[in-house]
Amino acid sequence: MFRDIAEIMSKDFDGKEVSIRGWIWRTRGSGKIVFPTMRDPSGVIQVTVKKGNLPDEQFDGALRALIESSVEITGTVKADDRAPGGFEILATGFNVVGFADAYPIQKDQSEEWLRENRHLWIRSRKMVAIMKIRHTVVGAIHQYFREHGYYEFDPPVLQPNQCEGGSTLFEVKYYDMKTYLSQTWQLYAEAGIFALGKIYDVAPTFRAEKSKTSRHLCEFWMAEMEAAWMQLPEVTEVAKEEIKFIISEVLKNNRAELELLERDLSKLEVCLEKPFPTITYTEGLEMLKKDGMKVEWGKDLRTLEEEGIMKHFDTPVVVTHYPKEIMAFYKPTDPSAKAPGPVAKCFDMLAPEGGMEIVGGSERDTDIAELSKYLERDGENPANYQFYMDLRKYGSVPHSGYGVGVERLIQWICGLDNIKDTIAFPRTTTRITP
RNA sequence: GCCGUCGUAGCUCAGCCUGGUGGAGCGGCUGACUGUUAAUCAGCAGGCCACAGGUUCAAAUCCUGUCGACGGCGCCA
């Protein structure tokens, strides 16, 4: 019976014989003794292989096996202060299943090299920790929505229309026609709510933005929700509650991983203790003006400005009511809002420690004339949105939704410099391999 | 799209300013060592100096162009 390494790193196993299997993480040897440190998905443990304790050909195998060789080991667990982690296995059997070539990833590595060798780098302790946290985050999203009466609803990935701006679409050959990879599920979600009421999904999203930043991927996962009858004030509260739940699940399940990533846990814990504030775009600008920043009403918040606003907060913040003119066509004007110009019933959620946008959402416009006007503004033909307009003709209701950038959320939760580390195989403007 | 940085051994880099026989560390291989934590010590192998032109007696080094990678901005999640 093979056991997980994490399981045997305790006093209960001290002195007992165990078998493990995994890969050589580090190794060091002399003519008579070898110290391979083994890893498996659960953890690492040092193994001590002494000549004479096992057949000579197995000792020779231990001496010859390079990093990442796959091995089955039998031996006795011993507490030993000289071993990293406090426990080691004194080997009596060492069966090399697959000898590894010289491993290309060593101690001095450039970011570029690690991306070139991502298929191997995901074995690293750092990537394993991040992928385990990702597992918790995505699981929490499903759990949150299912426990709150939402149905999972899957939209098509191949879509004929734009939604967030035509220049950022990936075009796909579709028999003798052309179509595009999904930028959002939104148009289809707005149809789905008339059947299911409250829906959500977690799905891949494709945007051909030419963004070369540490916060952008061309292929990323978006966790979206859409709900009939829901209006802006309510939907922002749903978003806050969802994010809070995700953070609590990560803190509950992934403390060891966060510590391995050297994440300051207090930055996450404070988010469970306090409510997330809601401010308007206009109020945000006032804060920036008080800080001496030059800002102009009517322009979108830039990275610098989002960072400036978030200096005042240590939890995520919802910013509502951005200027109507700079928003996507489906975000409706809020006639009752007090602002220097027309503003939309929309919101972003900004993360602390830098002001990254982790959520974007809005109420959806139900006025066919308004929708047509703003589609034309964007150079689109409203006739191509027949099905979308139909939704306003057959029992229209107020409704709202938002999308969470899964990788952005993970990046902030893990405290990572670069979003490319939040996903096993990142797709960027310049990389589609491995 | 704009701005910036960088392409030299399998990896990480020095050398370039001031042109003159290509260097180090790590990794690999051989050998020594029965407690290593990025082991140590001795030796060996390993290079179209991104590519293409140009200047020069002579180019990794100077000039021009191309390609590639990375980062920042804008835009977005």
Side-chain angles (χ1 to χ4, degrees), chain A residues 25-37 44-53 59 63-64 66-68 78 80-86 88 90 100-117 120 163-168 183-186 202-224 239 243 299-307 322 326-328 347-351 355-361 402-412 417-420 422-423 428-431 433:
Chain A
W25 187 55
R26 302 276 185 270
T27 185
R28 194 167 301 103
S30 68
K32 306 276 172 55
I33 187 166
V34 188
F35 300 105
T37 303
V44 299
I45 188 168
Q46 175 171 288
V47 177
T48 300
V49 187
K50 290 184 179 176
K51 193 165 182 146
N53 285 357
F59 180 84
L63 198 52
R64 263 173 41 233
L66 300 178
I67 285 174
E68 287 304 318
K78 290 194 68 169
D80 193 318
D81 291 341
R82 293 170 298 186
E88 64 177 17
L90 199 56
D101 288 359
Y103 199 54
I105 295 175
Q106 304 160 11
K107 74 173 183 184
D108 291 317
Q109 313 138 329
S110 62
E111 293 293 312
E112 183 189 342
W113 183 250
L114 295 180
R115 280 173 207 151
E116 194 66 40
N117 290 280
L120 302 175
C163 185
E164 299 279 342
S167 62
T168 62
Q183 283 185 314
T184 170
W185 80 330
Q186 188 186 318
V202 185
T205 301
F206 305 88
R207 295 198 185 165
E209 292 162 359
K210 286 184 178 156
S211 308
K212 293 170 83 172
T213 81
S214 55
R215 307 179 301 282
H216 284 86
L217 294 167
C218 297
E219 176 184 315
F220 63 99
W221 288 68
M222 194 145 66
E224 299 179 272
I243 298 298
K299 299 219 166 137
D300 207 352
L301 295 178
R302 297 176 303 171
T303 308
L304 194 67
E305 283 121 31
E306 289 170 341
E307 222 178 301
Y322 286 70
I326 55 169
M327 290 289 110
F347 75 100
D348 278 352
M349 189 186 293
L350 307 181
M356 191 163 51
E357 292 171 25
I358 52 175
V359 182
Y402 63 81
V404 176
V406 173
E407 284 78 12
R408 291 243 179 119
L409 180 60
I410 294 168
Q411 185 183 358
W412 169 64
D417 292 335
N418 201 312
I419 199 166
K420 297 179 186 78
T422 61
I423 187 165
T428 68
T429 55
T430 52
R431 178 178 290 287
T433 58

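Computed from heavy atoms alone, side chains included, the values below leave out hydrogens, waters and symmetry copies. Since the model is a prediction, treat every value here as computed from it, not as a measurement.
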Sidechain-backbone polar pair: Arg408(A) side chain, Ile358(A) backbone, donor-acceptor under 3.5 Å: no
Does a side-chain N or O from [X] land closer than 4.0 Å to OP1 or OP2 of [N], or not?
{"X": "Lys210(A)", "N": "G1(B)", "result": "yes"}
{"X": "Asn117(A)", "N": "G10(B)", "result": "no"}
{"X": "Ser110(A)", "N": "C70(B)", "result": "no"}
{"X": "Thr430(A)", "N": "C70(B)", "result": "yes"}
{"X": "Arg302(A)", "N": "G72(B)", "result": "no"}

Before you tell me yes or no, could you show the steps for Arg302(A) and Glu305(A) under salt bridge (Lys or Arg N to Asp or Glu O under 4.0 Å), namely the whole-Å CA-CA distance, both residues' side-chain angles and the distance that decides it to 0.1 Å? CA-CA 5 Å; Arg302(A) 297 176 303 171; Glu305(A) 283 121 31; 2.9 Å; yes
Say you draw a straight line from [atom1] of [X] to [atom2] of [Y]; how long is it, rounded to the nearest 0.5 Å?
{"X": "Gln46(A)", "Y": "Leu90(A)", "atom1": "CD", "atom2": "CG", "answer": "10.5 Å"}
{"X": "Leu409(A)", "Y": "Met222(A)", "atom1": "CG", "atom2": "CE", "answer": "13.5 Å"}
{"X": "Thr168(A)", "Y": "Lys210(A)", "atom1": "OG1", "atom2": "NZ", "answer": "11.0 Å"}
{"X": "Thr27(A)", "Y": "Leu66(A)", "atom1": "OG1", "atom2": "CG", "answer": "8.5 Å"}

Would you kindly give the [atom1]-to-[atom2] distance between [X] and [N], to the nearest whole Å?
{"X": "Leu304(A)", "N": "G74(B)", "atom1": "CG", "atom2": "P", "answer": "7 Å"}
{"X": "Ile410(A)", "N": "A77(B)", "atom1": "CD1", "atom2": "C1'", "answer": "12 Å"}
{"X": "Met356(A)", "N": "A77(B)", "atom1": "CE", "atom2": "P", "answer": "13 Å"}
{"X": "Gln109(A)", "N": "C13(B)", "atom1": "CD", "atom2": "C1'", "answer": "14 Å"}
{"X": "Glu116(A)", "N": "C70(B)", "atom1": "CD", "atom2": "C1'", "answer": "13 Å"}
{"X": "Gln106(A)", "N": "C26(B)", "atom1": "CD", "atom2": "P", "answer": "11 Å"}
{"X": "Lys50(A)", "N": "C33(B)", "atom1": "NZ", "atom2": "C1'", "answer": "15 Å"}
{"X": "Glu68(A)", "N": "G27(B)", "atom1": "CD", "atom2": "P", "answer": "16 Å"}

By nearest atom, which of the nucleotides [options] is closest to the [X] side chain?
{"X": "Ala102(A)", "options": "C76(B), G28(B), G1(B)", "result": "G28(B)"}
{"X": "Arg431(A)", "options": "C75(B), C70(B), U34(B)", "result": "C70(B)"}
{"X": "Arg82(A)", "options": "G72(B), G35(B), C70(B)", "result": "G35(B)"}
{"X": "Ile33(A)", "options": "G71(B), U12(B), G35(B)", "result": "G35(B)"}
{"X": "Thr48(A)", "options": "G71(B), G35(B), C76(B)", "result": "G35(B)"}
{"X": "Gln46(A)", "options": "C33(B), G28(B), G35(B)", "result": "G35(B)"}
{"X": "Thr303(A)", "options": "G72(B), C75(B), A77(B)", "result": "C75(B)"}
{"X": "Leu66(A)", "options": "A77(B), G28(B), C73(B)", "result": "G28(B)"}
{"X": "Thr213(A)", "options": "G72(B), U37(B), A77(B)", "result": "G72(B)"}
{"X": "Ala83(A)", "options": "G35(B), C76(B), G74(B)", "result": "G35(B)"}

Nucleotide opposite [N] in a Watson-Crick or G-U pair, distances under 3.5 Å:
{"N": "U61(B)", "answer": "none"}
{"N": "U66(B)", "answer": "A50(B)"}
{"N": "C33(B)", "answer": "none"}
{"N": "G74(B)", "answer": "none"}
{"N": "G23(B)", "answer": "C13(B)"}
{"N": "A38(B)", "answer": "none"}
{"N": "U56(B)", "answer": "none"}

Can Phe220(A) and Val406(A) be said to form a side-chain contact (heavy atoms from CB on, under 4.5 Å), step by step? CA-CA 8 Å; Phe220(A) 63 99; Val406(A) 173; over 6 Å; no
Under 4.0 angstrom, heavy atoms only, what part of the nucleic acid is [X] near: base, sugar-phosphate, or nothing?
{"X": "Lys420(A)", "answer": "sugar-phosphate"}
{"X": "Gly360(A)", "answer": "sugar-phosphate"}
{"X": "Asp80(A)", "answer": "base"}
{"X": "Leu217(A)", "answer": "base"}

Ignoring hydrogens and angles, answer whether the base of [N] and the side-chain atoms of [X] contain a donor-acceptor pair closer than 3.5 Å.
{"X": "Glu88(A)", "N": "G35(B)", "answer": "yes"}
{"X": "Arg408(A)", "N": "C76(B)", "answer": "yes"}
{"X": "Ser211(A)", "N": "C75(B)", "answer": "yes"}

Can Phe220(A) be classed as stacking with the base of A77(B), given a centroid separation cut-off of 5.5 Å and a plane angle cut-off of 30°? yes
What integer number of Å spans the [atom1] atoms of [N] and [M]?
{"N": "U56(B)", "M": "C16(B)", "atom1": "P", "result": "24 Å"}
{"N": "G15(B)", "M": "A24(B)", "atom1": "C1'", "result": "11 Å"}
{"N": "C13(B)", "M": "C6(B)", "atom1": "P", "result": "12 Å"}
{"N": "G20(B)", "M": "U40(B)", "atom1": "P", "result": "34 Å"}

Per nearest nucleotide of RNA chain B, the residue lying toward the 5' end, Glu407(A) or Arg26(A), is Arg26(A)
Residue pair Val359(A)/Asp81(A) against RNA chain B: nearer the 5' end by closest nucleotide is Asp81(A)
Is there a side-chain contact (heavy atoms from CB on, under 4.5 Å) between Asn53(A) and Val49(A) once you walk through the steps? CA-CA 7 Å; Asn53(A) 285 357; Val49(A) 187; over 6 Å; no
Can you check side-chain contact (heavy atoms from CB on, under 4.5 Å) on Leu120(A) and Tyr103(A), steps first, answer last? CA-CA 9 Å; Leu120(A) 302 175; Tyr103(A) 199 54; 3.2 Å; yes
